[in-house]
Amino acid sequence: MPPMNVLRTLVFTVVAMSAGLSAQTGGMPWTTPTPTEVDAIYPEIEALYIDLHRSPELAFQETQTAARLAARVKALGFDVTTGVGKTGIVAVLRNGAGPTVMLRTELDALPVQEKTGLPFASSVMMKDAAGQLVPVMHACGHDLHMAAWAGTARLMAEHRDRWRGTLVMVGQPAEEISMGASAMLNDGLFTRFPRPDFALSLHDDDTMPAGTIGYRPGYFRAMSDSVTITVFGRGGHAAMPHNTIDPIVLASRIVLSLQTVVARENNPVDPVVITIGSIHGGTQGNIIPDQVRLQLSVRTYTPEVRTRTLEAIRRIARGEAIAAGAPREPQVDTPARAGAPVYNDPALTLRLAGALKKGLGEKAVVEMPPKMTSEDFVQYGLAGVPSALLHIGAVDPAQLTAAREAGVPVPAPHSPEWAPAIEPTLKAAVRAEATALLELFRRNE
Ligand SMILES: [Zn+2]
Ligand SMILES: [Zn+2]
């Protein structure tokens, strides 16, 4: 038996320690994780990032990716459901009375052949939805978003004595084909699980130095429409063009004429982008094929401009086919449902910007201009949940300065060379996400 004075010292020490702990956690609101708190989890999330980068999966095929994330959040004590909206995951942490806040990451990668030269570059090949074997790469940084999401989940779970509310961590499939958010909503994301009071997401960005947070109240991302044009000609021998109607020449004319929609038909103050990202026809040089297929991406901000642009595309395709003497009208497939531009709830966005400036410093948080890229994150807002999509710079500052001086942009998301500056971006992403969540949760004051 220990002598009395030793026992008394022991009791005193334990009491003093627990009092100190409650003064540190219970008494003081936790508003931003410290750099030390993030450093402690960094090796784990960097390893996850590298692992995810090496093993990307295409839209609605993200089963391994989802399983990896699900196992992690399950181990942290989240209530995890997989297979939501086909391959999505929902992880819920109920932590007392308070708001419900959703943090979403995307799970999917792109059919891009990686050319970063990184030691952990992807060499994955997969069958796409059409059954075609394609190279796959996390060329949009969704691997980075997932690693940050996992880090944030860990910090929130380990410090659950320092906030109150319900945290809903969502791993959304198929963002790149604009179908995953709707798939999850149709599968009961807001009915089978706690309906969020707020929804947040963070996307990497090529225009800001690594770690800088960008926010934009109101309209932020454009509407996106995928359009397919198939033009028909008359095939034949390459040496006898007079006996054919060459669909490659016809398709080429359409490609160039379409740019006049932007340059000559559209009001310059209304943004429009028409990109022909894929053109396929023919098998070899000495054969004139009988058809060519073009795949377009059309970006607009308003329904009027969208309707006018899609109509102009149909008209030009038809007109050029007539001019070429094509045997058949081109087939132009436009999406049945209208997209929507991402709208960041202004009050929410400004509230988060304020909290982020306080937590990360004024200079680290900047207002950014709207972009022509699109995001199906808009669906959560359309479903009635105030939402904010924030951005995070992911480029080495020196590289960004050099690129600006040279006038040559750095590789951006969707480029085979997109390689975010991992450590500063990932660390800042976790701090920003946790700061945003803590701002929205009722603190245990
Ligand atoms: Zn993307
Ligand atoms: Zn993306």
Side-chain angles (χ1 to χ4, degrees), residues 49 52-53 56-62 65-66 69 85 87-88 103-116 122 124 126 128-129 134-149 170-184 199-208 213-214 216 220-226 273 275 277-278 295-299 339-342 344 368 370-381 387-395 409-420 422 425-426 429 432-433:
Y49 170 77
L52 292 167
H53 191 85
E57 294 175 298
L58 289 173
F60 284 135
Q61 301 186 55
E62 315 92 331
T65 307
L69 295 192
T87 42
L103 177 66
R104 170 271 218 172
T105 180
E106 319 87 321
L107 305 174
D108 58 330
L110 285 161
V112 169
Q113 173 90 62
E114 178 156 0
K115 290 179 186 158
T116 58
S122 160
V124 170
M126 259 182 120
D128 65 11
V134 292
V136 188
M137 174 192 176
H138 269 299
C140 203
H142 297 177
D143 46 357
L144 194 123
H145 307 161
M146 287 187 267
W149 179 95
V170 168
Q172 181 211 299
E175 190 283 321
E176 293 294 357
I177 57 169
S178 296
M179 288 171 78
S182 308
M184 289 194 87
L200 308 178
S201 197
L202 182 69
H203 203 289
D204 63 356
D205 186 88
D206 58 298
T207 62
M208 297 183 294
I213 305 297
R216 174 86 198 172
F220 179 40
R221 299 281 213 104
M223 286 188 273
S224 169
D225 286 291
S226 300
V273 175
T275 291
S278 163
Q295 287 176 278
L296 286 66
S297 188
V298 178
R299 307 297 168 108
V342 170
N344 281 331
M368 64 187 295
K371 296 171 86 94
M372 291 310 285
T373 47
S374 73
E375 248 283 357
D376 73 352
F377 183 71
V378 59
Q379 297 302 327
Y380 306 114
S387 304
L389 174 66
L390 301 170
H391 272 213
I392 182 161
V395 185
V410 295
H414 290 211
S415 151
E417 292 173 61
W418 176 235
I422 306 167
T425 310
L426 207 39
E433 286 179 353

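For ligands, and for the atoms within them, numbers begin at 1 and follow the listed sequence. Counting from 1, the numbers follow the sequence of the chain as shown.
The Zn ion (ligand 1) has Cys140 among its coordinating residues (N/O/S atom, backbone or side chain, under 2.8 Å). Within the 2.8 Å limit, His203 places at least one N, O or S atom next to the Zn ion (ligand 2). The Zn ion (ligand 1) has no N, O or S atom of Glu175 closer than 2.8 Å.
Looking only at distances, a side-chain donor or acceptor of Glu62 sits under 3.5 Å from a matching main-chain atom of Ala174.
Judged by distance alone, the side chains of Thr116 and Glu417 never bring a donor and an acceptor atom under 3.5 Å apart. For the residue pair Gln172 and Asp376, a side-chain donor N or O sits within less than 3.5 Å of a side-chain acceptor on the partner.
No other N/O/S atom of His142 lies as close to the Zn ion (ligand 2) as NE2 does. When the Zn ion (ligand 1) is compared with the N/O/S atoms of Glu176, atom OE2 turns out nearest.
Each of His53, His391, His203 was checked for a ring-ring contact (aromatic ring centres under 6.0 Å, His included) with His145, and the lone residue meeting it is His203.
Between Leu389 and Arg221, the shortest heavy-atom contact is CD2-NE, 4.0 Å.
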